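Since the structure comes first, as structure tokens, the remarks are kept for the end.
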Amino acid sequence: MIISVASGKGGTGKTTVAVNLALSLNNVQLLDCDVEEPNSHIFIKPLFERSDPVFIPIPVVDKKKCDGCGRCKEVCAYNAIAVTNKKVLIFPELCHGCGSCEYFCPNDALKEEEEEIGVVEIGEKDGIEFVHGKLNIGKMMAPPVIRAVKKHISRKKTAIIDVPPGTSCPVITAIKDTDFVILVTEPTPFGLNDLSLAVEVVRKLKIPFGVIINRSSLGDKKTDKYCAKENISILMRIPFSKKIAEIYSRGDSIVEYLPEYKEKFLRLFKEIKKITSR
Ligand code: SF4
Ligand code: SF4
């Protein structure tokens, strides 16, 4: 089973849930797809054994063959090509490496060159297989790095994915083709707004999901009312606790220092299995 742990915004406790759920299970993988700012490794402390660079193909113009017809600009869906005065300009930071421009160029004037945009690191800690992606500084194409991380998913294990925050392209790449999504939120007006956007995305992708309310003892009851109205299961509540905040700030895991949470995460996993088997 593949479980994504997502949130409409950063700072809700998404990584805390992903890490502690992984630490509570056997035969598990934790894949950190928050490739712009991966931080699950801080809490897992894996020993990295492998590091694989991630490349995307970027087109390069052969000026001798190019007649400035502009076909490449027309077919580029990402505005990564400009043609002015019959001169072609390619903006590699916008290029998705889709290959359309090369395919449609009538003069065979485009060739692809591999450009490194990030890295996937693979490691292990106490039986947990750990994989994360890191997007190189200045690069904007998170989805290819996320896909490279997801290639390591093993269907023989339970895979937990730490999803990037928000509701944009990288989030969809991370949660697509997963079996269940945990949406982590906090009971504040901002939290509720971002949760409702994330719910829309997950519903469009038709993936079963449920909500965890973090710092549930703070804020208001509007998240509870929203979930009740929308018929969304609240899978777990994590009340605010100074002890948990201290554990987190030290880079430690909750289940190690508060073992009663291991039981809670195991119950969460059982509940998810029940929902996905319906
Ligand atoms: S499609 Fe080919 S020939 Fe036409 S402008 Fe682009 S690179 Fe040049
Ligand atoms: S490879 Fe795709 S995204 Fe990149 S410039 Fe060509 S058409 Fe645009």
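Since the structure is predicted, the reported quantities are computational estimates derived from the model, not experimental observations. Both counts, for ligands and for their atoms, begin at 1 and track the order of listing.
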**Complete:** atom 7 (S) of ligand 1 sits nearest the protein heavy atom Leu110 CG, 3.7 Å
**Item:** Flag if over 12 foreign heavy atoms under 6.0 Å of NZ, Lys111
**Value:** yes
**Complete:** For Tyr78, the ligand 2 atoms with a heavy-atom partner under 4.0 Å come out as 3 (S)
**Request:** Look at atom 6 (Fe) of ligand 2 and say which protein heavy atom is nearest, naming residue and atom and giving the distance to 0.1 Å.
**Result:** Cys101 SG, 2.3 Å
**Prompt:** atom 4 (Fe) of ligand 1: which protein heavy atom is closest, and how many Å away?
**Reply:** Cys69 SG, 2.3 Å
**Asked** Taking non-hydrogen atoms only, is Leu94 closer than 4.0 angstrom to ligand 2 via side chain, backbone, both or neither?
**Response** neither
**Prompt:** Considering only the protein, which heavy-atom contact is closest to atom 5 (S) of ligand 1, and what is its distance?
**Reply:** Gly70 N, 3.3 Å
**Request:** Run the numbers for me: atoms of ligand 1, each under 4.0 Å from some heavy atom of Cys66, listed by number.
**Result:** 3 (S), 5 (S), 7 (S), 8 (Fe)
**Prompt:** Are there more than 12 heavy atoms of other residues, nucleotides or ligands under 6.0 Å from atom CG of Asp67?
**Reply:** yes
**Asked** How are the rings of His41 and Phe48 set relative to one another: parallel (under 30°), tilted (30 to 60°) or perpendicular (over 60°)?
**Response** tilted
**Message:** Would Arg215 and Phe240 count as a cation-pi pair here, with the cationic atom under 6.0 angstrom from the ring centre and within 45° of the axis?
**Reply:** no
**Prompt:** Considering only heavy atoms of Val88, which atoms of ligand 1 have at least one such atom less than 4.0 Å away?
**Reply:** 5 (S), 8 (Fe)
**Item:** Nearest non-hydrogen protein atom, atom 3 (S) of ligand 2
**Value:** His96 N, 3.3 Å
**Request:** Name the closest protein heavy atom to atom 2 (Fe) of ligand 1, giving the residue it belongs to and the distance to 0.1 Å.
**Result:** Cys105 SG, 2.4 Å
**Prompt:** Is any NZ, NE, NH1 or NH2 atom of the basic residue among Glu256 and Lys262 found under 4.0 Å from an Asp or Glu carboxylate oxygen of the other?
**Reply:** no
**Asked** Should Val83 be listed as contacting ligand 1, given a heavy-atom distance under 4.0 Å as the test?
**Response** no
**Request:** Kindly state whether the ring of Phe91 and the ring of Tyr78 have centres lying under 6.0 angstrom apart.
**Result:** no
**Request:** Would you mind checking which non-hydrogen protein atom is closest to atom 1 (S) of ligand 1, with the distance to 0.1 Å?
**Result:** Cys72 N, 3.3 Å
**Request:** May I ask whether Pro106 has any heavy atom positioned less than 4.0 angstrom from an atom of ligand 1?
**Result:** yes
**Element-labelled atoms of ligand 2 that are located less than 4.0 Å from some non-hydrogen atom of Ile81** = 5 (S)
**Prompt:** Near Lys73 NZ, under 6.0 Å, is it more than 12 heavy atoms from other residues, nucleotides or ligands?
**Reply:** no
**Request:** Taking both backbone and side-chain atoms into account, decide whether Cys98 has an N/O/S atom under 2.8 Å from atom 8 (Fe) of ligand 2.
**Result:** no
**Message:** So for atom CD, which belongs to Glu114, do other residues, nucleotides or ligands contribute more than 12 heavy atoms lying within a distance under 6.0 Å?
**Reply:** yes
**Asked** Is NZ or CZ of Lys229 both nearer than 6.0 Å to the six-membered ring centre of Tyr226 and within 45° of the ring axis?
**Response** no
**Asked** Just which atoms of ligand 1 are under 4.0 Å from any heavy atom in Asn107?
**Response** 3 (S)
**Request:** Among all protein heavy atoms, pick out the one at the shortest distance from atom 8 (Fe) of ligand 2; state its residue, atom name and that distance to 0.1 Å.
**Result:** Cys76 SG, 2.4 Å
**Asked** Between Asp179 and Lys273, is the closest basic N to carboxylate O distance under 4.0 Å?
**Response** no
**Message:** On the six-membered ring of Tyr257, is Arg250 placed so that its NZ or CZ lies under 6.0 angstrom from the centre and within 45° of the ring axis?
**Reply:** yes
**Asked** Relative to the heavy atoms of Cys95, which atoms of ligand 2 are at a distance of less than 4.0 Å?
**Response** 1 (S), 3 (S), 4 (Fe), 5 (S)
